[in-house]
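Below is one structure, written out as structure tokens; comments come after it.
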Amino acid sequence: MGVMRIGHISIKVMDIAAAVKHYENVLGMKTTHIDAQGNVYLKCWDEWDKFSLILTPSDQAGMNHVAYKVENDADLDALQKRVEDYGIKTEILPADALPFVGRTLRFNLPSGHQMRLYAKKECVGTDVGTMNPDPWPDDIRGAGVHWLDHCLLMCEMNPEKGINKVAENTKFMMEVLDFYLAEQVIVGPDKNMQAATWLFRSSTPHDIAFVAGPRQGLHHLAFFLDNWNDVLKSADVMAKNKVRIDVAPTRHGITRGETIYFFDPSGNRNETFAGLGYLGQPDRPVITWDEEHLGRGIFYHTGELNVAFTEVYT
Ligand code: M3P
Ligand code: FE
């Protein structure tokens, strides 16, 4: 079946203790492992695999890699061939190259971001279990995020030099990894340049998104919440913990998500968002936003684009 969903993201943090405190107390994740190098592995309460976030100590912020889980081990061989045939070099990392993870296919997207695909990760179960489960666990902390939902990667775009990594990544994800395009932003005098795309493999509007920027980077990692009230409550949690809020609770036109953006102590942007928006289905007509309506696409209420939102990232 190929790619199922986002599996984990590995990010760099400058102060590991402050980062752990943030992801545990504000987001509500739990630490499940610390390796010999001091990397910290965490999961959300409604995730069943061992971890969805790896924090690695560094002198800067940003993403190391993003990993997606495929359904079967054989998918790794089939996808390796397709990625190589497309002209992208790959490498198979042995099982346990990352703790609790089976063999892993590693390659770089056309934008340069490192992506990994794996089929196995130790299953530890959700915090409510599978036998007559409660709807939520008693020991929820902070925002109590349910799961890591998607990431948004900033990709280089420079029309004068003919560079558009958003379009290149999108083509690769669709042709090689069988992702579907949910929404796109089209710009340029001939309205033919993809400046942002939202793609899915699961049944939500996006499992990954790409937005054009001056350089490659990580725009945000996003965690799922049930509803608008939970988004409001997560903002309260942030205020209580003096977290730097980037965009106060609002709605996206694109994907219809109810959202709030904020920063971890190293400056990596986080999003907690709610709302399925709509079902991601392979035959759903692609939604297109033009430059004129982009403001409403991003922030539906104000319709105003905030420059720092697209220019500040790690
Ligand atoms: C989302 C989303 C940007 C748009 C972001 C949209 C960075 O994060 O979850 O739909 O322009
Ligand atoms: Fe998002």
Side-chain angles (χ1 to χ4, degrees), residues 5-6 9 11 27 52-53 63 66 111 113 143 145-157 165-166 169-170 179-187 193-225 227-228 230-231 234 245-264 267-280 284 286-314:
R5 63 170 182 278
I6 192 167
I9 184 163
I11 61 169
L27 280 296
S52 60
L53 177 66
M63 184 178 90
V66 60
S111 57
H113 297 90
V145 293
H146 295 223
W147 56 75
L148 173 68
D149 187 89
H150 65 267
C151 65
L152 191 152
L153 307 179
M154 295 298 291
C155 304
E156 191 188 350
M157 175 150 139
K165 297 294 179 186
V166 170
N169 274 10
T170 303
F179 274 65
Y180 300 99
L181 183 62
E183 308 204 19
Q184 61 182 347
V185 173
I186 296 292
V187 301
M193 281 189 290
Q194 271 177 330
T197 56
W198 284 258
L199 299 124
F200 65 89
R201 271 294 298 171
S202 69
S203 53
T204 68
H206 66 314
D207 299 307
I208 196 164
F210 304 116
V211 171
R215 60 176 174 87
Q216 176 216 314
L218 171 67
H219 187 272
H220 67 264
L221 49 150
F223 297 91
F224 186 84
L225 289 172
N227 56 51
W228 174 242
D230 288 348
V231 173
S234 76
I245 292 178
D246 179 32
V247 179
T250 183
R251 182 200 280 281
H252 289 303
I254 296 167
T255 77
R256 301 183 190 149
E258 299 148 6
T259 181
I260 172 168
Y261 291 98
F262 51 104
F263 294 101
D264 77 7
N268 293 303
R269 189 185 275 97
N270 295 167
E271 174 183 25
T272 49
F273 87 103
L276 171 63
Y278 50 79
L279 271 183
R284 193 176 203 279
V286 173
I287 292 170
T288 298
W289 298 81
D290 59 22
E291 228 161 340
E292 221 183 312
H293 300 86
L294 181 56
R296 293 235 178 261
I298 308 284
F299 299 125
Y300 188 63
H301 301 153
T302 60
E304 272 168 36
L305 268 185
N306 141 14
V307 176
F309 184 67
T310 44
E311 290 186 359
V312 177
Y313 54 93
T314 56

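A quick note: this is a predicted structure, and the numbers were derived from the prediction, not measured. Order of appearance sets the numbers: ligands from 1, and atoms from 1 within every ligand.
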* Can E271 and T259 be counted as having a side-chain donor-acceptor contact under 3.5 angstrom? -> yes
* Asked: Side chain, backbone, both or neither: which part of L152 has a heavy atom under 4.0 Å from ligand 1?
  -> side chain
* Asked: For T288 and Q184, does a side-chain donor sit closer than 3.5 Å to a side-chain acceptor?
  -> yes
* To do: Tell me which N, O or S atom of E271 sits nearest to the Fe ion (ligand 2).
  => OE1
* Under 4.0 Å from a heavy atom of F309: give me the atoms of ligand 1 that qualify, with their elements. => 3 (C), 7 (C), 11 (O)
* Short list, please: which atoms of ligand 1 are under 4.0 Å from a heavy atom of H150? -> 9 (O)
* Asked: Who gets closest to atom 4 (C) of ligand 1 by heavy atom: L305, V211, I298?
  -> I298
* Centre of Y300's six-membered ring, under 6.0 Å away, within 45 degrees of the axis: is that where NZ or CZ of R256 sits? -> no
* So which bit of Y261 gets within less than 4.0 Å of ligand 1, heavy atoms only: side chain, backbone, both or neither? -> side chain
* May I ask you to decide if the ring planes of Y261 and F299 are parallel, tilted or perpendicular, using 30° and 60° as cut-offs? => perpendicular
* Asked: Can you tell me the N, O or S atom of H150 that's nearest the Fe ion (ligand 2)?
  -> NE2
* Asked: Any N/O/S atom of H252 sitting less than 2.8 Å from the Fe ion (ligand 2), backbone or side chain?
  -> no
* Quick check: does T255 get an N/O under 3.5 Å from an N/O on ligand 1? -> yes
* Taking only heavy atoms of E271 into account, list the atoms of ligand 1 that are under 4.0 Å away from them. => 8 (O), 9 (O)
* Asked: Between H219 and ligand 1, does any nitrogen or oxygen pair lie at a separation below 3.5 Å?
  -> no
* Please examine the side chains of L53 and L221, heavy atoms only from C-beta on, and report whether any two atoms are closer than 4.5 Å. => yes
* Asked: Relative to each other, are the rings of F224 and W147 parallel, tilted or perpendicular (30° and 60° limits)?
  -> parallel
* For H206, counting its heavy atoms only, list the atoms of ligand 1 lying under 4.0 Å from any of them. => 2 (C), 9 (O), 10 (O)
* To do: Would you sort out whether F262 and T272 count as a side chain to side chain contact (heavy atoms under 4.5 Å, CB included), showing the intermediate values?
  => CA-CA 9 Å; F262 51 104; T272 49; 3.8 Å; yes
* R296 (side chain) donor-acceptor with H301 (main chain) under 3.5 angstrom -> yes
